[in-house]
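See below for the structure under consideration.
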Amino acid sequence: MGFPEIRMRRLRSSPSIRRLVRQTTLSVDDLVYPLFVCEGMGVKKPIKAMTDCFHFSPDTVAAEAAEVASLGIPAVLLFGLASKKDDVGSEAWAERGAVQRAIKEIKKLVPELLVITDVCLCAYTESGHCGVLRRSSLVARDPAHESRGTSHEARIDNDSTCELLAKTALSHAQAGADIVAPSDMMDGRVSYIRQCLEKNGFNETAVMAYSAKYASAFYGPFRDVADSSPAFGDRKSYQMDPVNANQAMAEIELDIEEGADIVMVKPALCFLDIIHRAKRRFDCPVAAYNVSGEYMMLNAAAQAGLLDRDAAMMEVLYSIKRAGADIIITYFAKAAARELKTKLK
Ligand code: PBG
């Protein structure tokens, strides 16, 4: 070996020197914890498809939110479960809906905790699609048509869906949400929402847009939880094709132009390159959603004795951070907060 000797291991030789040269930091400040809200009182029902996750009613979700805040996590993301569904998803913007009531309960108990709300119609529509169907799609639901193979294209009416999304976002803002997060992938929805919020005096309510949301296979457990699987067809006519990258940059750019304060890439793990490119290209905060399938992959593998869940969890979260995410939405948030706390000792 020549001189000077290059020995990479010098900087790995002790815990302290490893800490000193760590390039990526992960803090509890980066995390957002998703919560599922349903109708009722006193409900805290374990979700079979997702380890350590529950359905909460508006009263019990507040206590959970207080625990989340006590761990130092700055924000929760609320998802609603509809008690009744219809063609247009009208429960999504009901003043006394589960999400709207949950926001109020949380804000009463832990005002400093940021409340972000998922804005979408898929949990509220009979079709399970993220928007309102055009008439032609309703025809396609007819079994006679299905047998002819015309049922696979779900035709969502973009602009009338945007109006309903804006209505939903406004109802969340009125209940006290700090940030609304449209996850539907309709064109122009950020602009509809921003304008509607401004018109009604909610200029301080921020928009976190699910900008580059892919038609991914990793939403499986979530759709079970929210009972939001499409009744027919799929989401490929509105969510992005997972093989595309440039289009993600165009989606993000448009959302920023339309007034998004935070942009998101979803899912995270198969799309670390997209997170990386987004962070390099745009100045606005980039969030990454570590989705239900990614969460359950680790849990299932750990359950089968194949890996150490917490070690794998931290590796995953650090990788998302290293790729460039400023914010990580993850079902691991509570476990990660605990892990980060013990590491500090
Ligand atoms: C609603 C929505 C979905 C998720 C977040 N918002 C489901 C979907 O698009 O099918 C997925 C979250 C997860 O898998 O953890 N549009």
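Note that ligands are numbered from 1 as they come in the structure, with each ligand's atoms numbered from 1 the same way.
Looking only at distances, a side-chain donor or acceptor of Glu91 sits under 3.5 Å from a matching main-chain atom of Ser83.
A salt bridge links Lys334 and Glu64; the closest N-O separation between the charged side-chain nitrogens and carboxylate oxygens is under 4.0 Å. With respect to Asp184 and Lys213, no salt bridge is recorded, no charged nitrogen being found less than 4.0 Å from a carboxylate O. In summary, Arg101 and Glu39 engage in a salt bridge, as defined by a charged side-chain N under 4.0 Å from a carboxylate O. Salt bridge annotation for Arg338-Glu67: present, with a cationic side-chain nitrogen under 4.0 angstrom from a carboxylate oxygen.
Criterion: ILVMFWY side-chain heavy atoms under 4.5 Å apart, direct or through other members. Under it, Val61 and Leu113 are part of a common hydrophobic cluster.
Expressed to the nearest 0.5 Å, how far CG of Leu165 lies from CH2 of Trp93 amounts to 9.0 Å.
Residue Ser183 has at least one heavy-atom neighbour below 4.0 Å for each of these atoms of ligand 1: 1 (C), 2 (C), 6 (N), 16 (N). Heavy-atom proximity to Arg235, at under 4.0 Å, picks out these atoms of ligand 1: 8 (C), 9 (O), 10 (O). Using a 4.0 Å cut-off to heavy atoms of Tyr289, the atoms of ligand 1 that qualify are 12 (C), 15 (O). Near Val291, meaning under 4.0 Å from any of its heavy atoms, are these atoms of ligand 1: 13 (C), 14 (O), 15 (O). Listed by number with element, the atoms of ligand 1 under 4.0 Å from a non-hydrogen atom of Tyr331 are 12 (C), 13 (C), 15 (O). Of all atoms in ligand 1, numbered sequentially from 1 with element shown, those under 4.0 Å from a heavy atom of Cys122 are 1 (C), 16 (N).
Between Tyr289 and Phe79, the ring planes are tilted. Angles from 30° to 60° get that label. Using cut-offs of 30° and 60° on the angle between ring planes, the pair His55 and Phe36 is perpendicular.
Within the 4.0 Å heavy-atom cutoff, Met185 does not count among the residues contacting ligand 1.
From the protein, the heavy atom lying nearest to atom 9 (O) of ligand 1 is Lys213 NZ, 2.7 Å. Taking atom 10 (O) of ligand 1 as the reference point, the nearest protein heavy-atom neighbour is Arg223 NE, 2.5 Å. Remark: minimum distance from atom 5 (C) of ligand 1 to any protein heavy atom is reached at Lys266 NZ, 2.5 Å.
With a 4.0 Å cut-off on non-hydrogen atoms, Ser292 touches ligand 1 through its backbone as well as its side chain. If you look at Asp184 next to ligand 1, there are no close heavy atoms at all, none under 4.0 Å. With a heavy-atom cut-off of 4.0 Å, Cys120 touches ligand 1 through its side chain alone. Contact annotation: for Phe79 versus ligand 1, heavy atoms closer than 4.0 Å belong to the side chain alone.
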